[in-house]
Structure formats: structure tokens, C-alpha cells
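Take a look at the structure below.
Each chain gets a letter, A, B and so on, in the order its sequence line appears, and its residues count up from 1. This is a predicted model, so every value here is computed, not measured.
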4 protein chains.
Amino acid sequence: MAEEKTDRSDDQWAQELLAIGGEEHMTPKQIAILKAAVEVFAEKGYAGAATSEIAQKAGVAEGTVFRYYKTKKDLLISIIGPTMGKLLAPFIIRNFGSVLNSPYETYEDFLRAFIVNRLDFARNNFKLLKILVQEIPFHPSLREQFVENVMNTIVEKVSLQLERFKEKGQIADVPTSAAIRFSASAALGFIMTRLLFQPDKDWNDEEEVEILIRLIMHGLSPK
Amino acid sequence: MAEEKTDRSDDQWAQELLAIGGEEHMTPKQIAILKAAVEVFAEKGYAGAATSEIAQKAGVAEGTVFRYYKTKKDLLISIIGPTMGKLLAPFIIRNFGSVLNSPYETYEDFLRAFIVNRLDFARNNFKLLKILVQEIPFHPSLREQFVENVMNTIVEKVSLQLERFKEKGQIADVPTSAAIRFSASAALGFIMTRLLFQPDKDWNDEEEVEILIRLIMHGLSPK
Amino acid sequence: MAEEKTDRSDDQWAQELLAIGGEEHMTPKQIAILKAAVEVFAEKGYAGAATSEIAQKAGVAEGTVFRYYKTKKDLLISIIGPTMGKLLAPFIIRNFGSVLNSPYETYEDFLRAFIVNRLDFARNNFKLLKILVQEIPFHPSLREQFVENVMNTIVEKVSLQLERFKEKGQIADVPTSAAIRFSASAALGFIMTRLLFQPDKDWNDEEEVEILIRLIMHGLSPK
Amino acid sequence: MAEEKTDRSDDQWAQELLAIGGEEHMTPKQIAILKAAVEVFAEKGYAGAATSEIAQKAGVAEGTVFRYYKTKKDLLISIIGPTMGKLLAPFIIRNFGSVLNSPYETYEDFLRAFIVNRLDFARNNFKLLKILVQEIPFHPSLREQFVENVMNTIVEKVSLQLERFKEKGQIADVPTSAAIRFSASAALGFIMTRLLFQPDKDWNDEEEVEILIRLIMHGLSPK
DNA sequence: CATGAATGAGTATTCATTCAT
DNA sequence: AATGAATGAATACTCATTCAT
């Protein structure tokens, strides 16, 4: 649960990278390459990034990059792949097994946990996510993988939860897909505004999250 | 109001391009180049697009591309610039002048008009918007322009409306910025799912919009 | 004797061009093209000059340049050719016919007339000469033409004069070729310093010419 | 004193290049590139030279040229820069320190040493000098550098010598600048005729130099 | 393992020249 | 005669990839 912690310095995603890479069998040079690649891909995009710059930033020779990653695309994939996996982590961990094991009593609790957790993850993996979002449109295989593995998995797992809460009468009787989309959009909109569009604003995260949850749960209509 | 129509074939954005380019004084070749550029930029991204491919797809010689657009970046800007402008169109047109002139009695009406109108625009300008979204991270000048001109304008205009409705007691007393973000996120989430992630699903747009508006207005809580 | 006058404004070589071009059968556009070509060739060199810039500076369409001069090289040659011819003008005019007709009593008089006249010519045709000097190394045909027509002609004509003066005992008994080279070098060195290296210095031309002639005639040895 | 030797084959300037380039740390390929560049620049001029031709003539791939010289202009500068420096060599070496250290008793001796030495240098560095002379008009920075560093240095150093000889009554009382110009013009005129205009003539260099010196010292007047 | 020199296909851009109007 | 749109070969330069050391 390394990514759960807060108060990380900006590029603490280095730790994520180790986890992502499969931990043990990575040499310091390989780690340096991955770190440099994340940096450069995030800044210039895959097509605009030069492997020579990555090598230089990693402090290795140009050829060394290709010793670890046969092609430039391999390097991209070995960054994006694990990042996609990590997006699923909280669901796999927390909801492992059946719905019955779910620790959440209300949808509100579930939402709160989800938003706080993923905001934290996004904060700590900002550059990785930036690459993910930037490159998915240009690599059909990545897109497929993303839709199939990530989106479908999330939708499926959350659907189970949502329907449980619906049955309990905790939430309104709207199509599950619309409800998920609505929740996820509102949450993502906040996370992206928070980290991407206005990162320098003086945010009170806890308060904002509560407002967000209130809006999702009660909408804009007055009591 | 060219972008208001529905049921366009996939690349009917060609018409948009004509309007975007300043209409009358464009030669067929220039139009072909713009169309080809939109196609290729959307598919491969600016950095990954080859001017030679654009020329080939446009059916002109490589040199011809540069007769009309001095640089590759000029070509990008002459696509993105007008697109940004068009994003503002409904606000400028419909809410011209003061808030008092607003034709909307309720926030719900306003929301509905906004979502329908922009969904339609997005449908007809899908590739243009894709380029816009994809390239903004890599061109600081574009980002600035976008934030300053587009986002600030929208936020400002919508703020006025929202506060008017808040005064009327039509919507809850939440911070305006959070309310706007919430509304916009929900709307954008729908539009992107509709067009980007599941374009092939059999959507009933009118119904979906009504559900979406209901969710925004009442949230997920049961009556 | 148009080129004999002094006090010309900087680009009075326009008149030269008319004379050079064969005068009568040139349209205003052709003249404009030639003038523009001289300007651009002098500034950027033949290889670095763009015909489009020449056309623009001449105020004509790009195609028009090629109506008058089939190729870019034609344009260069039609500038350089006549300029080479003009270099010979004073000899052909003044020494027309036999040596006996020569109007000069002493080599000193001849030198003085030559230097003053050619300095004036150089002043009024500065750009033309610049082109000549710059391009001759790169166009073997031009070089041949220059050596054969210009240099040999000058050497031959001056040889006759020089030998006459040598017979008269007016000048020392050195090989004619060395004497010519010596005189021409000293004169050219002054002209180039005067116009090319230090054009802004406050020159007293008459005095300088007298010193130069004294040096050529008497060398550096003290009286 | 590498450049002092005579009887070099045509492109023995290769040795110069090694010295010019900083000697030791040049790979064979880099040397080949420099040699090819000198060849092509001399023949076609900087603007008319194609890097592809340089690469081909050097027997390396196009990319290799740019490994060693980031731009085409870098390549030019790395040829011209050291050549300019070498022009000053004899003054720096021979007249190091003050005028008092000068090894020459008479201006004639000084002239003779200068002409012989520089003729030899020009012979061995013909193409390098050709490039220098050809490109100076088109590169303002080169011109400045040349005037400031080379010309001014030479003029200054020679002025000191000349004035010393003038005081001794060895040479006439003409303005120093005119005397230098006169000497240099006569010498350069000979060197250029010797190497550029009539390289194939059967020259007796020693005799020619003596005549030249006599002309500079005593002019054309008979004894 | 690691290097970095070498490669050559690929890129954006320029420009002399042509030709339909 | 004059135009200027169109061309496409040529140009300087980049970069992912290979390979001998």
C-alpha cells in the first residue's frame, strides 16, 4: 500500500516505479532509465521524446537504454502497463472476493474512500498518469487494453456495490451505468482540476471532498 | 448554427473547417490540406504526424502544404485557434449582453441547453476537439490561451448565471466554483463516454441527457 | 562616359545596368528584375539568393523572372558578363587604335588616369563588382572568360604602354609582367581598402592617389 | 613550423587540418570529414555545398557529419577559425615581445621573410585560404573577427616595425598606413597571381620575390 | 554488462522551375 | 505579357537502433 501515503515529495513516484517494475530484478541503471523516461515522456510526449535525452538524464549511454528495452515503444509500454494495473489496486485489494466482504456500509463511505484514495494515488503518480492519458489516444493496443482491463473491471466491480446500495434504498433508481459515470466524472473532474488545472491554488482537500460528495449524493437541488 | 445539426456523417467537420478557416477565400487545395491535417493530427498527434503524409492524404505536393502554412505549427494553430473560438460560441451568442437577457428561467433549462448544444458540437467536431485536447499539454502557449480565453470566459459567464439561480433559491448554497466544476464534470464525462469510450453503443441521447440532468440537479440520493 | 562622374548616390549603378543590358530593348520590369538581382546577389551570394526574393524586390511575379531569364544562372551571367566588359571600357575607349594614339606622355599620367577612373567606376558599380569577385571562383566558365578576356586584354594593352615608357627610359628595366602586376596590385589594394574595408573612414582621395602614385613610381626608398 | 616546408602535394593541407583541429583527439572519421568539407567548401562555397556531398566524399554516413559538427556552420567555423589564427602565426612567433626583439635589421629583410613565409603558408593552405576569402563577405561575424583580430593585429605589429625603420631613415616619410597597404597589396598581388590566376606558369619564385622587393623598395623609377 | 560511435531512413522546409490562366 | 499556384527534388538536421569494443 505504498501509494496510500500522503505528503510525498513531487517525484516519489520513483518508489512506484520500483513496485511497478517488479521490484527485485532491476539494476540501478534500469531504474534510472525508467525514471528518466517517465520524466521525458511526461514533458514531451512519446513521439516528442528522444531516447538520447532519456539516456542522458538517466546518466547511462545511449545503447544501455536498448539493452533493457528493446525498443522505445517497449519502454513506453513498460511504464504504462503497470500504471494501468495500479489503477485497479484498491478494488482488487479492498473488494477482493465477494461483495459481501465489502467494508463499506453506505455508498457515501465507499465514494469517500475511493476519492481520497485515488486522489492520493494521482498525486503520487502524477507523471505516470499524465503519460497514460496522453498516449492512450495514439496507441490502439493501449486503448483496448485500457478499456477492457481497467474500465470494464472498475465498472463491473463498482456495479456490484452500487446495486447493493440501490437495493438497500440508499441511492436513487437510475441506470447503474449512468450512476457510475456520474460519480466517476464528478470525482475525476475534481481530481484533475485539483492536480492539473489549478495545482497552485490553496486547496482545502478535506472540505472539497465533502462538498463533492454532498453534490454527488444530493445534487444541486436545495433541500 | 452549422454545428447545431445532428446526424452528420463522420467527417462532416469539413464544413466546420470551412467556417473555421474564414470561409470564402480558401482554395480547394487548402481545404484538402486542412482536412488531411485534421485527420492525421487526430490519429497520430502533432509530433507523430508527418507533413508528407498530410500532403499525400490531401493529394498535393509536399511543397504545397508550406505554400499555405509556413510551418507545421502554423498548420496546427490554424486548426486549434478557431476551434477554441467555436467552443465559446453558444455563450457569446446566447448570453450576449447581461445576465438579465438570459433566456433561461431555471438552471435546469440552462444545463439542458448547454449539454445538448455542446454534445452536438462535439459530435460534429470530434476530431478537432481530439486534437485540441491532445496537444494542449505540449504547447504552453496553447494552454495559456485556452485557460485564459476559453476556461475563464466560460467560468465567468456561468458564474453569473449560477449565482442568479442561487439567489432565486433554485440551487443549493455550495461554492460557485465547486458547482460549476461539478456540473461541467458530469456533462463532460457523459460527452466523452458517449463519443470517445463507447461510441458504438446504442445510445438514447435524449433519455441519457434527462438522467444526467436529474443526477446533477438531485444527486444520487433518493427522494 | 556615364561611369566617369563622381558624387553618385549609392545605387546609381542602376544607370550602369541600363547601359549594361543593351539599353533600348529592356522593359521596366526587366530593369527592375536586374536591379533586384544585383542587390540580392551582392548581399547573399548567388547560391544564397532566392529567385522569389528577387521577384519580390523587383515587384514582379515569380514567374516573370523566368520569362526574361530562362534560369537563375542566366540572370547571374547577364549581370556578370557586361560588368566584365565594362572593366575594359577605358582601355578600349582611350587607347583605341595604336599605342601611338595614346594621350599619355608619362607612365605616371597613365597611372593617375587609370586609378582615378577605375576608382570612380568601382564606386559607382560597387555591387556589380562585388558579385563579380564573389562568384568567379565558383563558376569555371566565368573564370576562364575573365582570365582570357579581361585580364589578358588588360595585360596586353598595358604592356604596350609600359614598354613604350620603358624605351623612353621613364621606368626601370623590370619584367613587364611584374611591373604591371605591381602597379595593378598597388592600385587595387588602395581601391579595395577605400571601398570595401574602410568605406567609412574620412578619405582625402586626391592626396591618397598622389601618395600611391609616388609609391608606385619611387617605392619606399627615401629620396 | 610545419607550414614552412615547400614542395607539398596538392592537398597536404591535410596535415594543417590536423594541427588546426587541436591535433590529438581527432578520430580518422572526423579528419576525413574536415578534409572533405574543405574540399567541397572550396569548390562550391559554403552555401552551395551539400552536407550530403561532404559525407559521401568523407566516406561516412550523413548523420556522422552532424555527430562531430552540430551544424553546417559549425563545420565552416571549425575550418575558418583556426585558419585565421594561423595567419597570425609568424608575427606572434617571430616578433614575440617588443619591437626591440625584432630579428630584422632592415625593412627589406622583414619584407623578404614575410613574403617568403606567407607565400609558403598560402601554398600549403590554399584551399583553407580560399574558403576564408570566399566566405568572409557573407558572414558578418567572420568579417568582424577577421578585421578585429587578424587585420588589426597585423597592422599594429607591422606599424611598429615600419616606424622603427622610418626613424632609422631606411624608408621614405609616407603615412604608415599607406606604406603598409602598399607593401601588403604588392605582396598579396604577387601571391594571388602566383597561386590563383596563373598557378601553372613556370615560376622562378626566388627571382620573382627579389623583383617584387626591389619594386616595393625602389618603385618603378630607374636608378 | 556497458559503451558510444556509426548509421541511414525519416523530417520539416526551401526553392528553381513550370504552366494553365 | 504576366501571373502565381503548384511542384518535387534537394537540403540540413534528427533519432531510434545496431554493434564492435
T27(D) and Y68(D) side chains, donor-acceptor separation under 3.5 Å:
yes
So, does the side chain of E62(A) form a donor-acceptor pair with the base of dC15(F) at under 3.5 Å?
no
Starting at CD of Q56(D) and ending at C1' of dT11(F), how long is that distance when rounded to a whole Å?
15 Å
So how far is it from Q30(C) CD to I33(C) CD1, rounded to the nearest 0.5 Å?
7.0 Å
Run the salt-bridge test on K57(B) and E62(B) with the 4.0 Å N-O cut-off and return the result as yes or no.
no
Could you tell me whether V60(C) contacts a base, only the sugar-phosphate backbone, or nothing, with contacts defined as non-hydrogen atoms closer than 4.0 Å?
sugar-phosphate
Provide the distance between the two C1' atoms, one in dC1(E) and one in dT21(F), to the nearest whole Å.
13 Å
In whole angstrom, give the distance that lies between atom CE of M26(B) and atom C1' of dA5(F).
15 Å
Hey, which of these two, F66(D) or K29(C), hits DNA chain F nearer its 5' end, going by closest nucleotide?
K29(C)
Kindly say if T64(A) contacts the phosphate of dA2(E), meaning a side-chain N or O under 4.0 Å from OP1 or OP2.
no
At under 4.0 Å, does any side-chain N or O of Y68(C) touch on OP1 or OP2 of dA1(F)?
no
Within residues 40-55 of chain A, find the residues that approach DNA chain E with a heavy atom at under 4.0 Å, and present them sorted by residue number.
none
From NZ of K57(C) over to C1' of dC15(E), roughly how many Å is that when rounded to an integer?
17 Å
If every non-hydrogen atom of A36(A) is compared with every non-hydrogen atom of I54(A), which pair is closest and at what distance?
CB-O, 3.4 Å
Presence of salt bridge, E43(D) and K127(D), under 4.0 angstrom:
no
If you compare all heavy atoms of L76(C) against all heavy atoms of E135(C), which two are closest, and at what distance to 0.1 Å?
CD1-CG, 4.0 Å
Interatomic distance where NZ belongs to K72(D) and P belongs to dT14(F) [whole Å]
14 Å
Scanning both residues in full, the closest heavy-atom pair of K130(A) with A42(A) reads NZ-O, 2.8 Å
Please determine whether a side-chain nitrogen or oxygen atom of K73(D) lies at a distance below 4.0 Å from atom OP1 or OP2 of dA12(F).
no
For DNA chain E, the dot-bracket notation using Watson-Crick and G-U wobble pairs below 3.5 Å, [ ] for pseudoknot-type crossings and | for other-strand pairs, is .||||||||||||||||||||
How close or far is atom P of dA16(F) from atom CD1 of I33(A), stated in whole angstroms?
14 Å
Hey, does the side chain of R67(B) come within less than 4.0 Å of dA5(F)'s phosphate (OP1/OP2), counting only N and O?
yes
Closest non-hydrogen contact found for A47(C) with G48(D) is CB-N, 3.8 Å
Think Y69(A) has a side-chain N or O under 4.0 angstrom from the OP1 or OP2 of dT17(F)?
no
Do any side-chain nitrogens or oxygens of K70(C) fall under 4.0 Å of OP1 or OP2 in dT18(E)?
no
Checking side-chain polar atoms at under 3.5 Å, does Q134(B) have a donor or acceptor matched by the opposite partner on Y46(B)?
no
Between T83(D) and I79(D), is there a donor-acceptor pair closer than 3.5 Å when you use the side chain of the first and the backbone of the second?
yes
Whole-Å distance, D74(C) CG to dA16(E) P, equals 14 Å
